[in-house]
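Everything below concerns the one structure shown next.
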Amino acid sequence: LLSIELAKELTKITHSVRDEYTDYIGRLAQTNSLTGLDWLVNVTCRNQDQTKIFDNFCKLRLLESCLDINLQLNTVIVEDQGMYEAVYALCRKHGANFTVEFATTGGSAVLSRLMHLLRRVAILVYISLISFVIPILLKKKKIIPDHSIIYLDMFAKVSDFDENGDFIDRHYPGLLQTLERGQADKAWYAPILSIRAPDDLKLFINGVERSNNRFLIMEQWLNVSDYLFAFFQSFKLPRRIKKVPDYCGVDISTIILRESALDIFSAGIFDSLLRYRFFQRLKESGIKIDKVIDWSENQVVDRALCLGVRSFYPSVRIIGYQGFIVSEYYVSHEPSWYEREAGTIPDVICVMNEALVSRKKKYCPDQKIVVAPAFRFMNLMNYHSVVDSVRDIILLALPVHIDTSRMIIQLCLRVHEDFNYKFQIKIHPTYTKKRFLVEIPEASDSRFKFVEDSLYDLFPDTALLVSSDSSACFE
């Protein structure tokens with residue numbers, strides 16, 4: 001663990017490293033002449049959830065700042081071979097004298113990489129079989145629009161249908177009600193589904209059939225050639241990264257090439273390639289699209305959407321909507337000039353307040369940014385605090401990052417059992433309770449109660465909210 005002083009220094013360094021990191025990815029792309037689908041490789045995406053490059057850059061800059069002030073270091077502990085080589089190079093560059101050690105010692109690195117690769121292949125084959133076979137076995141014809149549509153991109157899962165069969169829109173709640181009748185009738189949801197078992201797709205398709213909303217289920221439109229295309233391209237594209245610029249004046253090629261190798265047969269690039277082919281299938285089926293609204297997090301799946309629209313519907317306008325508040329740590333949420341040139345970001349990006357406009361223009365001043373309704377936060381307008389309520393709950397509004405959620409759970413378990421407050425867990429909507437408990441079995445402790453109520457129903461009885469980098473904190 002870092003000392004308090006070094007932790008503060010790391011936080012300070014992060015701001016300048018964001019700029020260096022964004023510039024570096026542009027140089028990496030230019031050096032390797034990346035175009036088109038090459039931009040679906042996670043190394044280029046600046047998404048800290050999918051690559052450790054930004055974290056590693058911050059650590060290298062922290063080490064360099066320590067060496068600049070001649071801080072006495074005896075040992076530096078690293079996680080992998082790439083960081084070992086980079087740290088050792090910095091040591092030589094500054095004429096320092098310390099040892100570099102690995103955090104853990106395991107078996108053969110080659111064997112480990114091979115096993116991870118085989119596991120990724122097995123996962124892709126499994127998901128492909130589910131995605132292709134389930135729609136056939138259900139024998140339900142896909143719904144084909146008979147007029148031009150507004151394509152609404154979003155994430156969804158089975159639990160988004162309530163007991164009455166109505167779809168709970170967690171991304172654009174209230175949008176359809178604010179549109180004019182003719183526009184609302186054109187809106188079709190195009191969900192990105194998290195498929196881990198046959199029932200995930202089967203039950204969602206059944207839910208769509210009962211719903212009053214209109215859906216384009218990608219898995220119902222793809223054919224065998226699309227899955228083969230995605231499979232082979234997910235092997236080919238990460239290998240396009242061959243030349244690696246220096247960082248901090250040292251060779252970091254092992255870091256970058258290792259990250260690229262981790263993307264071979266990855267689910268992220270595979271799903272993104274399928275999303276790209278989805279637009280080809282829509283075009284070939286004669287589907288007309290008026291406009292596309294992208295739930296814009298600037299992940300590779302968002303890039304695939306933009307590339308797909310611009311390849312098969314070049315005249316269609318893409319509107320990116322960022323209906324969330326996140327910290328500046330999420331570098332990818334601020335588009336860059338080279339992403340705009342590559343055609344991987346929307347024509348216009350909508351944010352929820354004026355303060356975000358300049359932030360989103362930081363790396364791409366010419367990008368059009370506008371303020372749009374904060375649909376997910378409309379309930380704030382009607383919320384009134386209950387003054388006399390008994391506040392005896394500590395609400396754990398857990399983020400999407402499972403490691404952070406685990407740390408919060410473990411922290412709570414260290415509290416003495418003779419405690420006058422009750423812990424209630426509200427898990428992130430991307431997780432089911434069953435999957436969450438598999439990841440964090442400690443959460444099954446009797447001191448925790450899982451709740452599904454809305455935050456606004458929970459707030460009156462809540463004394464303390466514990467979370468991390470979540471919109472729940474903003475609310």
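All values reported here derive from a predicted model rather than from experimental measurement. Values below: every heavy atom of this structure, side chains too, minus hydrogens, waters and symmetry copies.
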Would you find a donor on one side and an acceptor on the other, under 3.5 Å apart, between the side chain of [X] and the backbone of [Y]?
X	Y	result
Asp160	Ala156	no
Asp445	Arg447	yes
Asp246	Gly249	no
Asp23	Glu20	no
Thr22	Asp19	no
Asp347	Ile318	yes

(message) Check Lys433 with Glu452, please: is the shortest side-chain N to carboxylate O separation under 4.0 Å?
(response)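 Answer for the salt bridge query: no.
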
(message) Given Ser272, which partner from the list Leu305, Asn42, Leu40 fulfils the side-chain contact (heavy atoms from CB on, under 4.5 Å) test?
(response)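 Option passing the side-chain contact (heavy atoms from CB on, under 4.5 Å) with Ser272: Leu40.
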
I need the single residue from [options] that forms a ring pair (Phe, Tyr, Trp, His ring centres under 6.0 Å) with [X]. Which is it?
X	options	result
Tyr24	Tyr338, Phe57, Phe54	Phe57
Tyr151	Phe279, Tyr189, Trp188	Phe279
Tyr172	Phe375, Phe167, Tyr321	Tyr321

(request) Could you grab the distance from atom CZ of Arg275 to atom CG of Leu307, nearest 0.5 Å is fine? (result)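 If we round to the nearest 0.5 Å, Arg275:CZ and Leu307:CG are 14.0 Å apart.
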
(request) Mind listing the closest non-hydrogen atom pair of Ile319 and Pro346 along with its distance? (result)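 Between these two residues, the closest heavy atoms are C-CB, 4.2 Å.
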
More than 12 heavy atoms of other groups within 6.0 Å of [X] [atom1]:
X	atom1	result
Arg239	CZ	no
Ile4	CD1	no
Lys202	NZ	no

(request) With salt bridge (Lys or Arg N to Asp or Glu O under 4.0 Å) as the test, would you mind laying out the steps for Lys93 and Glu64 before giving the verdict? (result) CA-CA 10 Å; Lys93 176 184 172 184; Glu64 188 165 59; 3.2 Å; yes

(message) Measuring only between side-chain heavy atoms, which start at C-beta, is Leu124 closer than 4.5 Å to Ser234?
(response)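 They are in contact (side-chain heavy atoms under 4.5 Å apart), so the answer is yes.
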
(message) Before we go on, tell me: are the rings of Phe423 and Phe448 under 6.0 Å apart, centre to centre?
(response)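 Centroid separation for Phe423 and Phe448: below 6.0 Å.
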
(message) Would you say the ring centers of Phe265 and Phe235 fall short of 6.0 Å from each other?
(response)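 Yes; Phe235 has its ring centre under 6.0 Å from that of Phe265.
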
(request) For Asn47 and Val300, run side chain to side chain contact (heavy atoms under 4.5 Å, CB included): C-alpha distance rounded to whole Å, both residues' side-chain angles, the deciding distance at 0.1 Å, then the answer. (result) CA-CA 9 Å; Asn47 181 351; Val300 289; over 6 Å; no

(request) If a pair satisfies ring-ring contact (aromatic ring centres under 6.0 Å, His included) and one of its residues is in residues 67-93, list it, with sequence neighbours excluded. (result)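 For residues 67-93, and leaving out neighbouring residues, the ring-ring contact (aromatic ring centres under 6.0 Å, His included) pairs sorted by first residue read Tyr84-Phe102.
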
(message) Using the rule salt bridge (charged side-chain N to carboxylate O under 4.0 Å, His left out), only one of Arg340, Arg46, Arg359 pairs with Glu334; which is it?
(response)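 Single salt bridge (charged side-chain N to carboxylate O under 4.0 Å, His left out) partner of Glu334 among Arg340, Arg46, Arg359: Arg359.
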
(message) Less than 3.5 Å apart, any donor N or O on the side chain of Glu442 or Gln410 sitting next to an acceptor on the other?
(response)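 Judged by distance alone, the side chains do pair up.
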
(request) Show your working on side-chain hydrogen bond (donor to acceptor under 3.5 Å, both in side chains) between Ser16 and Arg61 and close with a plain yes or no. (result) CA-CA 10 Å; Ser16 60; Arg61 278 299 181 201; over 6 Å; no

